Amino acid sequence: MNPIKDRSVLYSALAGFAYGLVCRILFSLHLAGDTLKVMTFGFLLVMPLAVGFISVYVAERSGRRGPAVWFGLPVLTTLALLLSAFLLFWEGAICLFLLMPGAIVMSIIGGGLGVFCARRFGKSSLACVAILPFLIAPVEDALGPSREIRDVAARIAIAAPPAVVWKEIERVKAIRLDEQRYSWTQAIGFPRPIEATLSGQGIGAVRHATFAGGVLFVETVTLWEPDRRLGFDIRADSANIPPDTLDEHVTIGGQYFDALYGEYRLEPLPDGRTLLHLSSRHRLSTTLNFYARIWTDAVMRDIQDNILHVVRNRCERSTLPAGR
C-alpha cells in the first residue's frame, strides 16, 4: 500500500506532529520557571529526535514498514512543525533555517530508533523517549549555558595601495544594493549593511555602523594606525532593534549572542596591491554551542566577505583612470 494513502501512517505523522506542537507550547509557557527553554539542546535537538521516534514507532506498530516511512515520515513531520512555528509567528525565518539541518538529522535518527524499539520493546520505550526532552531540560538549567568567545577572519586582495583602502574602511558611505554580492545570510533575513560613520579620529573616536531594519552598532575605536590597522570595540544597540527584525533567539547583544570586537588590517603586497584582513570576535552563550558555533561562524564570515567585496570594488574603481 502507498504510505501516503495509508491512514495509519498519516495518523502516525499526526501523533509526532501533535507531540512536537505540545512541546513547543510547554517550552514557551515557562510553566516550570526558566527550566524549560526553547534555546536548549533538549528542545532544539532532542525534541526532534522524539518526534521522529514517535511518528515511526506508531507507524511500525500498526504494520511493518519500509525505508520510505522510516526516513520520510520523520522529515515530513519535522518540516510540518517548523512551518507551523513560522506561520504561528513563534519563530522567524532565520531561526528556522539555522535549526532545520540539525532537527532533520535528529528526527531521522529518532525514526531509526523508533523502528528498532517498535520491533523489540513494548510501549514503555515510547514513554521514555517522549519524556526525554523534559528530563534533559532541568539538567541543562542546572549546568547553565557555556560562554564561548569565537574569532572569525576573512581577507581579500585589492588592486589599490593601503592609503586608498584606508579611506574606504575608515568611513563607509552608504552601500547601494547593486554594490553587494549575493549573501545567503541576507537571503534568510539577516539585515544588510548600510553605512558606517565616524565621529572624530584616533583612539576613542566612535563609529556608527548601521544595518537595515534599525540595527545599529556603536563601535569605539581602540586601535588606530592609519594605512595599517583599525580596531574597535562593538556594542549593539539591542534595546532599539525592532522585534520584527531579529527574534529573541538571534538578537545581537541578547542572551545568546553578541558581537564584541572588529579589526581591519592592511597588508601591503610587493606588486602594489593590498591584502585587506577583516576579523571579528563574538560571544556565544548557549547549552548547545557545539551546534550554534557552526552557524554563528558562518554568518559572521558571510557578513565580512560581503563588506570586503564592497570595499574592494570601491577601491579598485577609484584608482581607474578618468573616463573608465
Side-chain angles (χ1 to χ4, degrees), residues 13 15-32 34-58 70-86 88 90-117 125-148 150 188 247-250 254-257 284-299:
F17 178 83
Y19 168 82
L21 209 58
V22 169
C23 282
R24 183 61 175 84
I25 293 171
L26 293 178
F27 272 76
S28 300
L29 293 178
H30 304 292
L31 297 178
D34 283 334
T35 301
L36 300 181
K37 298 177 182 177
V38 171
M39 194 67 175
T40 57
F41 174 79
F43 180 79
L44 296 181
L45 296 179
V46 179
M47 187 274 286
L49 180 143
V51 167
F53 181 97
I54 291 169
S55 59
V56 173
Y57 179 94
V58 174
W70 302 340
F71 296 102
L73 202 57
V75 172
L76 291 176
T77 306
T78 301
L79 289 176
L81 276 170
L82 293 174
L83 179 60
S84 297
F86 178 74
L88 292 171
W90 288 344
E91 299 291 348
I94 297 173
C95 281
L96 294 186
F97 181 89
L98 303 184
L99 168 63
M100 188 182 299
I104 288 177
V105 169
M106 293 300 289
S107 70
I108 292 174
I109 293 173
L113 292 174
V115 175
F116 178 79
C117 291
S125 61
L126 180 64
C128 289
V129 173
I131 200 69
L132 201 54
F134 299 92
L135 296 178
I136 291 177
V139 176
E140 285 189 79
D141 184 62
L143 294 175
S146 175
R147 189 176 189 275
E148 186 173 341
R150 306 285 301 172
I188 65 172
D247 69 41
E248 61 175 321
H249 303 133
V250 292
Q255 180 179 357
Y256 306 110
F257 174 80
L284 192 59
S285 303
T286 74
T287 56
L288 64 162
N289 284 356
F290 67 93
Y291 181 74
R293 72 167 71 104
I294 298 172
W295 289 111
T296 58
D297 285 5
V299 167

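Only a predicted model underlies this, so the values are computations on that prediction, with no experimental measurement involved.
Looking at every heavy atom in both residues, Leu21 comes nearest to Leu81 through N-CD2, 3.6 Å. Minimum heavy-atom separation, Ser28 to Val38: OG-CG2, 3.9 Å. When all heavy atoms are compared, the tightest approach of Leu82 to Met100 is CD1-CG, 3.8 Å. Across all their heavy atoms, Ile54 and Ala130 have their closest contact at CD1-CB, 4.3 Å. Smallest separation of non-hydrogen atoms from Leu73 and Thr77: O-OG1, 2.7 Å. The nearest pair of heavy atoms linking Phe43 to Lys37 is CB-O, 3.8 Å.
The backbone N or O of Cys117 sits nowhere less than 3.5 Å from a side-chain atom of Tyr57 that would complete a donor-acceptor pair. Between the Ser55 side chain and the Gly52 main chain, a donor and an acceptor come within less than 3.5 Å of each other. Judged purely by atom type and a 3.5 angstrom limit, Glu140 uses its side chain to pair as donor or acceptor with the backbone of Gly42.
Separation of atoms CZ (Arg150) and CZ (Phe257) is listed at 11.5 Å; rounding is to 0.5 Å. Going from atom CZ of Arg147 over to atom CG of Asn289 covers 11.0 Å, rounded to the nearest 0.5 Å. Between the CG atom in Leu83 and the OG1 atom in Thr78 there is a gap of 12.5 Å [rounded to 0.5 Å]. Summarising the geometry, atom CG belonging to Leu79 is positioned 10.5 Å from atom CG belonging to Leu96; distances are rounded to the nearest 0.5 Å. To the nearest 0.5 Å, atoms OG1 (Thr287) and CG (Leu44) are separated by 8.0 Å. For the atom pair CG of Leu284 and CZ of Phe290, the computed distance is 11.5 Å after rounding to the nearest 0.5 Å.
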Please determine whether side-chain contact (heavy atoms from CB on, under 4.5 Å) holds for the pair Val22 and Leu26, giving the CA-CA distance in whole Å, both sets of side-chain angles, and the decisive distance to 0.1 Å.
CA-CA 6 Å; Val22 169; Leu26 293 178; 3.8 Å; yes
side-chain contact (heavy atoms from CB on, under 4.5 Å) between Val75 and Ile108, intermediate numbers included
CA-CA 7 Å; Val75 172; Ile108 292 174; 3.8 Å; yes
Should Phe71 and Val56 be marked as a side-chain contact (heavy atoms from CB on, under 4.5 Å) after you check the CA-CA gap, both sets of side-chain angles, and the distance that decides it?
CA-CA 9 Å; Phe71 296 102; Val56 173; over 6 Å; no
Between Thr40 and Val46, is a side-chain contact (heavy atoms from CB on, under 4.5 Å) present by the stated rule, with each step listed?
CA-CA 9 Å; Thr40 57; Val46 179; over 6 Å; no
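Between Phe134 and Phe27, the ring-plane angle classifies as tilted under the 30° and 60° cut-offs. Taking the six-membered ring for Trp and thresholds of 30 and 60 degrees, Tyr291 and Trp295 have ring planes more than 60 degrees apart, a perpendicular arrangement.
Residues Ser125 and Phe53 meet the side-chain proximity criterion, which asks for heavy atoms closer than 4.5 Å.
Within a 6.0 Å radius of CZ in Phe86, no more than 12 heavy atoms belonging to other residues, nucleotides or ligands are found.
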